[in-house]
Each structure stands twice: as structure tokens, then as C-alpha cells.
Amino acid sequence: MATFTRDTHIFQDEDMLRDDYQPETITARESELDAYQTALQPVINGAQPRNIFLYGKTGVGKTAVSRYILEQLQQDTQQYDDVTLSVFWLNCTNLSSSYQVAVNLVNTLRPNDEQISTTGYPQQRVFDLLYTELDAIGGTILIVLDEIDHIGTDDEILYEIPRARSNDYLTTTKPGVIGISNDFSFRDNLSPKVKDTLCEEEIHFSPYTAPELEAILERRAEGALYEDATESGVLSLCAALAAQDSGSARQTLDLLYQAGELARAADRTQITEDDVYAARNKLERSQIEQGMRELTRHGHLSLVAVLQLALDSNAPFRVRDIYPAYRTIAEQSEIDPLVRRRMHDHLADLAMLGILDRQSRNEGRSGGQYYEYEFAVDLDLVATVVTDFDGITLPQRVRNVTQSVE
Ligand SMILES: Nc1ncnc2c1ncn2[C@@H]1O[C@H](COP(=O)(O)OP(=O)(O)O)[C@@H](O)[C@H]1O
Ligand SMILES: [Mg+2]
């Protein structure tokens, strides 16, 4: 029979290592906090808020810092009777257009029994519904659009909300938008009118250095782990590995959490440096696995084609070898193959994701440059993942190994 008993080593409060845990204090972001505070100052003065745009890679504290400072602002506005502040958050991860963002905002602002359908309205009608809701609330409203880069170039909403007051769509409400993006190119590709309105105040979050990550990690580990749960050097190793790779606090927390799980699973009372290295490998593997799963259909086909070649002959492979294999697999799966050039783009994507290695070669004096590809990851891992690809008929050769892997 299985018996559960509570951890008495390693984890004291493992939730504190999770991504959604909101730390009470923010470490190592003084200048960003200062800039943020300055940008929000009009709110406490009861003036029209500025629009703020935050950008920086994933895991560098954009969401945590925003939550922290907006909570502070909400507390501090309470002492002024003439300022009422409402803050609304929308995570845009699964939203791909301004229309969808607007519908979701309307539904965020409306009670549960008055939700609108996510399709079928003309765009302007949804914006009108949004203004009605916003104006009914009154006071100052800050709308945080987190992960806003998912809407791509369909960015009308980022112009609409900030301009709503000057366009007389709103009479009692002062709206401000805070846009948060992981993707630098999103900012550059915004339409010019959006750039002018949204990017009044820009705050850039740079990757953390190793000492900064260590300081963040120490604070978290203090509550999350039992005393003496780590061998000396473990926290600085987690910080160093994350600093070398991404500078992301999320990554360094994940490393410690995963390393702790390995120690716990092995019934040890301390997390060792070896656990951290093992955790890194495990996380890398699952990241690559996820990267493979999220590819488009032609990405999947290209991957299967390279896998087939890798099972039959020695890597690396040229595009002129990969392409025919790709075509055959596409045809057997009843998918129209792309032209060679387009398929090559997918190979380049696979290389960018760290799934393939790509080498450029020169064809001697006759000129001409070409690329060679081979897997940067275990074939076993690839073989396991491709069995889950929907709608692709795997070649016999690939099916044989996937059966033996399972
Ligand atoms: N300066 C910081 N101080 C304390 N914790 C932080 C800091 N920066 C990031 N974190 C923590 O790291 C994780 C990722 O941060 P997050 O704000 O979600 O990153 P982003 O939104 O930039 O992707 C969260 O668990 C967060 O609490
Ligand atoms: Mg975030």
C-alpha cells in the first residue's frame, strides 16, 4: 500500500519555487522600479495615466515587478479620496488579435452571466462594448496586457484604448495601458501610430547577472527549503548556469526546484551539485521536446525526414538529400509538399531551436555555399516525440525504431 508522509527534508514550502509565486520583495531591479514608479506618478496625482511598455526576455521579472509595483500603487492611492484606481490584468498568451484581446477584456469587465461570444461581432462593435464597460467603472483604469507580443502585427487595440479618451469615447474614465512583451521584434514591428501612443514610457529589463540571480534565489530558497537542504555551492551553481544561458530568474528557480525533486526522489537530505547538473539536462531535454511538439506540420515533416536519413546513413546531410525524403513523407501523409527553399526554412528553424546542428560548407573554387544538418539531440528522444505527430504517416524505418523505443 502507498503511504504518504510529509517532506521533512529538502522542501519546506515548494510553492515558493513555482513561477506564479509572488515574492514579497523584489531583488536587483532598483532602476527599473524607479523608472516604473516615475511613469506611474500621474496616477496618484489623479492625472491621466501614461502608457507604459515593458520589454525584456522571458524570466527577467517583468510580471513580478509589475504585480509588485501596481499593488503598492493601489495601496497608496487609498489615502486619496479623489483617486479611484482599478487595475485589470489580461494574459494574452492564447490571443492572436486585437479583436480577441478586446472580447476578453469585455468579458473580464463584465459579470459572469453577461459574457459575450468570442466571435461574430464586428470589431468596432466590440470596441464600443469595451468603452461602455470602461466608462461604467470610472476613475483611473490601468489595463495590463501581459505577453502582448502574441497579437503580432494586429495591434489596433494598443492604439484604441489609450486614445479612447481624446476621441471622446470615454467621459468619466482615464485609461492607461501597460503592455508587457518578451519579444523585442514586437516593439519594432508595431505600427507607427501605436508606437507613438503606447510607447510613451519604455522600460527595458535586461537579463540578470549571476550575482543577481543568486541573490534572488537565496531569498526564495530561504522559505522554500529546509535549512541545510543544499550542499554548499548549489545556489551559486544554479545562478551561474542560468546566467550563462538566459539570465532568467525563472530558469534558475526551475533548476533548483528540479534538482530538489531529484534529491527528494532519491531520498537524500541534501541537494548536490550533481543534482543541479542532472536537473539542467532534464530541463533541456523537456524544453527541446516541447519545441519539437510545437512545430508546424511542415516542421514535423522535415524533422521526420532528417530522422529517417539519420537512421539509415551517417550524418550530416545536405538539403538535396533531405528534400526528397521530405517530399515522399509528405506525399504518403497526403500533405502538399513545400518547395525546397521553403522546406529549407524549416530546417533553419530546427537549427535555431537547438534540435539540429547546422554547418556551412564551401564548394571549393567553383563557389557556392551549402549547409549540412545533423541532430543535436538524442535520436531516441526524437523517435519518441515523432510518434505523437498527428496526421503524419511515418516511414517504415522510423516506425521500426519507435516501436523498439516504446
Ligand atoms: N527581481 C526579482 N526579485 C524576486 N523574484 C524575481 C525577480 N525577478 C523575477 N523573479 C521571479 O522569477 C520568476 C520569473 O519572473 P517573471 O516576473 O514571471 O518574469 P517575466 O514576466 O519577465 O517572464 C517569478 O517566479 C518571479 O517571482
Ligand atoms: Mg511574465
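All values below were derived from every heavy atom in this structure, side-chain atoms included, with hydrogens, water molecules and symmetry-related copies excluded. One-based numbering, in listed order, for ligands and for the atoms of each.
Nearest protein heavy-atom contact of atom 22 (O) of ligand 1 is Lys62 NZ, 2.7 Å. At the shortest separation from atom 18 (O) of ligand 1 among protein heavy atoms lies Arg250 NH2, 2.9 Å. Nearest protein heavy-atom neighbour of atom 12 (O) of ligand 1: Ala249 CB, 3.3 Å. Atom 23 (O) of ligand 1 has its closest protein heavy atom at Gly59 N, 2.7 Å. Of all protein heavy atoms, the one closest to atom 27 (O) of ligand 1 is Arg220 NH1, 3.0 Å. Nearest protein neighbour of atom 17 (O) of ligand 1, counting heavy atoms only, is Ala64 N, 2.8 Å. Given atom 6 (C) of ligand 1, the protein heavy atom at minimum distance is Ile216 CG2, 3.9 Å.
Across the listed options Leu213, Thr27, Thr58, Thr27 owns the non-hydrogen atom lying nearest to atom 3 (N) of ligand 1. Within the set Ser66, Gly56, Gly61, the minimum heavy-atom distance to atom 9 (C) of ligand 1 is found for Gly61.
Remark: Arg318 qualifies as a cation-pi partner of Tyr370 under the 6.0 Å distance and 45° angle criteria applied to the six-membered ring. Annotation: cation-pi pair Arg358/Tyr373 absent, no NZ/CZ under 6.0 Å from the ring centroid and within 45° of its normal. Figure legend: Arg29 and Tyr208 shown as a cation-pi pair, the cationic atom lying under 6.0 angstrom from the six-membered ring centre and within 45 degrees of its axis.
Counting heavy-atom neighbours within 6.0 Å of Glu331 CD, excluding the residue itself, gives a total above 12. Enclosure of atom CG in Asp188 by more than 12 non-hydrogen atoms of other residues, nucleotides or ligands within 6.0 angstrom is indicated.
With a cut-off of 2.8 Å, the Mg ion (ligand 2) has an N, O or S atom of Thr63 in range.
A salt bridge between Glu14 and Arg18 is absent, with no side-chain N of the basic residue lying under 4.0 Å from a carboxylate O of the acidic one.
If you check the side chains of Tyr68 and Thr25, you find no donor sitting under 3.5 Å from an acceptor.
Considering backbone and side-chain N/O of Pro23, none are found under 3.5 Å from N/O of ligand 1.
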